[in-house]
Amino acid sequence: MENATRSLNSTPGHLILYTAISAVLFTAGCAGVASAPPALKDAYSQDFPIGVAVNQRQCAGQDKRGDSIIKANFDSITPENVLKWEFVHPKPATYAFAGPDQYVKFGEENHMLIVGHTLVWHSQTPRWVFQDTNGQPLDREALLKRMHDHIQTVVGRYKGRIKVWDVVNEALNEDGTLRRSPWLKIIGEDYIAKAFQYAHEADPGAVLRYNDFALEFKAKRKGAIALIKKLQAQGVPVTAIGLQGHANLNWPTAEQEDAAITDLAGLKLPLMVTEMDIDCSRGGQRMTSADVAANARLQAEGRSSTTVLSAALQQQLASRYSELFGVFVKHKDAVKLVTLWGVTDADSWRARGNPLLFDRNGRPKPAFGAVIKAAGQ
Ligand code: GLA
C-alpha cells in the first residue's frame with residue numbers, strides 16, 4: 001500500500017510511526033480487505049490513514065450499521081471511552097479489561113491501526129487516583145507510583161498491539177501555561193516527562209502522543225511548542241503531536257489551521273488530527289474547547305439543530321470539512337493520521353451539533369462527498 005511506502009523524515013518518531021502504520025496497513029492489503037468505493041480510506045490512500053473513534057457497542061458487534069461504515073471507510077480506530085482511567089481502572093485494585101480487550105480485538109480483526117486513548121488526563125479520572133485511603137491528597141512519590149503502575153499495566157497489556165498512545169491529554173490552558181490539574185499540583189511540572197518515560201518503558205515500540213485541543217490559538221500553540229521542545233531537549237520520548245480538531249462552523253478558519261500545522265510541523269514530529277468533528281449547533285459556535293461540561297451547556301442552548309440539518313447548514317458543514325481537509329492534504333508530509341470523533345451523528349458527544357460525516361441513519365451527508373473530493377490525487 002502507498003501508505004506503507006511513502007517516505008518519511010528520519011526522526012525517531014517518524015520511524016516508529018512508519019513501522020507501525022506500514023505493518024498494520026500492509027497486513028490489511030495482504031488480507032484483501034475490500035470496500036465499495038467511494039470510501040474515505042481509499043480516497044485518502046495517497047495522503048494519510050483515516051481513523052474513527054468507536055464506542056463499545058461498535059466493538060461488541062452490536063451496531064450493524066456502524067460496523068459496515070467503520071469497516072468500509074476507516075484505517076484506524078480510537079476508543080471513545082473504554083481506555084480512559086475511569087473505565088479501565090475504576091477502583092484502586094480493579095482493572096476492567098473486557099471492553100478494551102474487545103476494542104483491540106476488533107481493530108486486529110479488521111487490520112486497523114489501533115490507538116490508545118488516554119493515559120494521563122485531568123478529566124474522566126476518578127478522584128481516588130489523587131487521594132490516599134483517608135481521602136487526603138497523595139504525595140508526589142505515591143502519585144508517581146500510581147501513575148507508573150497504571151501505565152505499566154494498561155500499556156503493557158497491549159504492548160505491540162496498540163501502536164499509538166495518547167500519553168498526556170490537555171495539559172495546557174488556552175494561554176499556553178500549564179493547567180493546574182491535580183497531576184501538576186501534586187507531582188510538579190515533570191509529571192509530563194514521567195508519563196512519557198513510563199509509557200516508553202511499558203512499550204518501547206509505541207508512538208507516544210501529546211494530545212490537546214485549540215492548538216489553532218496562537219498562545220496555546222506557543223505554549224505547546226515550548227513544552228515539546230523542552231521535553232525533546234531532555235530526551236523525553238514524545239514522538240507525535242495530536243491536534244484534537246473539535247471545530248465549529250466558524251472556527252478554526254482554514255488560515256488558522258494552516259498556521260497551526262505549519263508551526264507545529266517545525267517540531268519535526270508526526271502530526272495527527274485526533275478527534276475531528278464540526279459542531280453545527282447554534283450554541284456550539286462558541287465552543288472552541290473540548291470541555292465536556294461546557295459542551296453540554298452550549299449544546300443545550302443550540303436547540304435549532306437538534307435532529308435535522310437544514311440544506312444550508314449541510315452545505316456550510318460540507319464546505320468547512322472540505323477546507324479543513326484541504327489544509328491537511330496540503331500538509332500531508334507532516335500529517336500522518338486524521339481521525340473523526342465518532343461514526344454517525346447519533347454516536348457523537350455533540351449529537352445536537354450534527355458534527356460528523358454520516359447522519360443519524362448512517363447515510364453519508366453532503367460533507368462526506370466534500371471530504372472525498374478534497375482528497376489529494
Ligand atoms: C476530549 C477527550 C476525548 C473526548 C472529548 C469529548 O477531547 O480527549 O476523549 O472526551 O473530549 O468527548
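Just follow the structure's listing: the first ligand is 1, and inside any ligand the first atom is 1.
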Within the 4.0 Å heavy-atom cut-off, what Phe213 brings close to ligand 1 is neither
At a 4.0 Å threshold, what atoms of ligand 1 neighbour a non-hydrogen atom of Trp121?
1 (C), 2 (C), 10 (O)
Any idea which atoms of ligand 1 are less than 4.0 Å away from a heavy-atom of Asn169?
2 (C), 8 (O)
For ligand 1, the portion of Asp166 having any non-hydrogen atom under 4.0 Å away:
neither
Test applied, ring-ring contact (aromatic ring centres under 6.0 Å, His included); reference residue, His117; option that passes from Trp85, Phe87, Trp341
Trp341
Short N/O distance, under 3.5 Å, between Gln244 and ligand 1?
yes
Is the shortest N/O to N/O distance between Asn211 and ligand 1 below 3.5 Å?
no
Does Lys218 have any salt bridge (Lys or Arg N to Asp or Glu O under 4.0 Å) partners at least two apart in sequence or in another chain, and if so, which?
none
Scan for ring-ring contact (aromatic ring centres under 6.0 Å, His included) pairs involving residues 356-377, sequence neighbours excluded, and state none if there are none.
Phe358-Phe368
Ignoring angles and geometry beyond distance, decide whether Trp349 reaches within less than 3.5 Å of ligand 1 through its nitrogen or oxygen atoms.
no
Using the rule given for salt bridge (charged side-chain N to carboxylate O under 4.0 Å, His left out), can you reason through Asp75 versus Lys41, listing the C-alpha separation, both sets of side-chain angles and the distance that settles it, and then say yes or no?
CA-CA 6 Å; Asp75 301 297; Lys41 66 181 181 184; 5.1 Å; no
Less than 4.0 Å is my threshold; does some heavy atom of His246 fall inside it relative to ligand 1?
yes
Geometry only, no angles: is Lys84 polar-contacting ligand 1 at N/O separations under 3.5 Å?
yes
Tell me, with the steps shown, if His200 and Trp165 meet ring-ring contact (aromatic ring centres under 6.0 Å, His included).
CA-CA 10 Å; His200 184 66; Trp165 273 101; over 10 Å; no
Distance-only donor-acceptor check, side chains Asp345 and Ser348, under 3.5 Å
no
Has Lys220 got its NZ or CZ under 6.0 Å from the middle of the six-membered ring of Phe213, at an angle within 45 degrees of the ring axis?
yes
Please could you name the atoms of ligand 1 that Gln124 approaches to less than 4.0 Å, counting only its heavy atoms?
10 (O)
